[in-house]
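When reading the values below, keep in mind they use all heavy atoms of this one structure, side chains included, and skip hydrogens, waters and symmetry mates.
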Number of protein chains: 2
Amino acid sequence: MDFKKLADVHKALANESRLKIVYKLYEKECSVTELTDYVELDQSTVSKHLSVLLNVGIVSNKKVKNLVFYSLQTPCIMDMFSCTIKVINGEDKPQKKCCKN
Amino acid sequence: MDFKKLADVHKALANESRLKIVYKLYEKECSVTELTDYVELDQSTVSKHLSVLLNVGIVSNKKVKNLVFYSLQTPCIMDMFSCTIKVINGEDKPQKKCCKN
DNA sequence: TGACAATATGGCAAAATTACCATATATAAA
DNA sequence: TTTATATATGGTAATTTTGCCATATTGTCA
């Protein structure tokens, strides 16, 4: 088990602003400017957040004219969140599985 | 959506040593001493890692004599990891879900 | 080409995280 | 009670993360 890589993915998700971005991208792909307006942080900060998500493969991007659109590469992430929310609500208990494959 | 709490859960998982602990606890419940031997960190460090996991509800503990046993409270976490690993391997692609409920 | 808009990068200060040491606390056994 | 073992907590230095500003880069359009 590569705990380093596993930790890196969770690190990418361990930030409120990046989580907001991921949720937004689940709705639709967005340009950096759209995301910057949405999360209300400096454009350079958003750009860096996006590179963190890009580096672990959670998002992908494509250039259209002078815009760069980001999209959620791994919808799987949203299933992870449904588990995370169960953890928050203390809904999962030993002997049960929350999302069976 | 409470992005703060969501981020806190992922923060708890955003550390190699805590991930090792979670995997170990998936096998069986362990005392702090057992976990300390396993991850090879200072006992006080392990104790603090455990309190992080405890605070977000990922583990629970119980006292037996002068030992404190920790156990995985949310097996759901292991399903999250199977998704995380797909992210790492780039196996998930848009339009597909990796772990359907 | 020049001017402009969108995005990325370098640098920095503040804040958060990590792991250690020392020590406090609690429980058990002698 | 004394001693020993297990766990938790306070303090601190090193490292990492975060977000800003300034600026570089890239692409579009006139």
N/O donor-acceptor pair under 3.5 Å between [X] side chain and [Y] backbone:
X: B:Ser47; Y: B:Ser44; answer: no
X: A:Thr36; Y: A:Val32; answer: yes
X: A:Ser31; Y: A:Glu34; answer: yes

Closest non-hydrogen atom pair between B:Ser17 and B:Leu41, with its separation |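 Minimum heavy-atom contact is OG-CD1, 3.4 Å.
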Minimum heavy-atom distance B:Leu25-B:Cys30, with the two atoms named |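 It is CD2-N, 3.7 Å.
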Relative to the 5' end of DNA chain D, which residue comes earlier, B:Thr33 or A:Lys65, by the nucleotide with the nearest heavy atom?
->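 Its nucleotide being nearer the 5' end, the pick is B:Thr33.
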Indicate yes or no: does A:Lys62 engage A:Glu29 in a salt bridge with an N to O separation below 4.0 Å.
->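 Judged by the 4.0 Å cut-off on N to carboxylate O distance, A:Lys62 and A:Glu29 do form a salt bridge.
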Should the ring pair A:Phe81 and A:Tyr23 be called parallel, tilted or perpendicular, given that the plane angle runs from 0 to 90° and is split at 30 and 60?
->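 Because their plane-to-plane angle is under 30°, the rings of A:Phe81 and A:Tyr23 count as parallel.
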A:Arg18 side chain N/O closer than 4.0 Å to the phosphate oxygens (OP1, OP2) of D:dT18?
->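 Result: yes.
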Taking [atom1] from [X] and [atom2] from [N], how many angstroms apart are they, rounded to a whole number?
X: B:Leu67; N: D:dT5; atom1: CG; atom2: P; result: 13 Å
X: A:Lys63; N: D:dG27; atom1: NZ; atom2: C1'; result: 7 Å
X: B:His10; N: D:dT18; atom1: NE2; atom2: P; result: 14 Å
X: A:Asn66; N: D:dT26; atom1: CG; atom2: P; result: 14 Å

Contact boundaries on DNA chain C for chain B, cut-off under 4.0 Å to non-hydrogen atoms |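 Contacts span C:dT17 to C:dA29, reading 5' to 3'.
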Name the nucleic acid region contacted by B:Phe69, choosing base, sugar-phosphate or nothing; use a 4.0 angstrom heavy-atom cut-off, strictly under.
->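 No contact.
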For the hydrophobic clusters of this structure (ILVMFWY residues joined by side-chain heavy atoms under 4.5 Å, transitively), does one cluster hold both A:Val56 and A:Val52?
->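 A:Val56 does not cluster with A:Val52.
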Neighbours of DNA chain C within residues 34-52 of chain B, by heavy-atom distance under 4.0 Å =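 B:Leu41, B:Asp42, B:Ser44, B:Thr45, B:Lys48, B:His49, in order of number.
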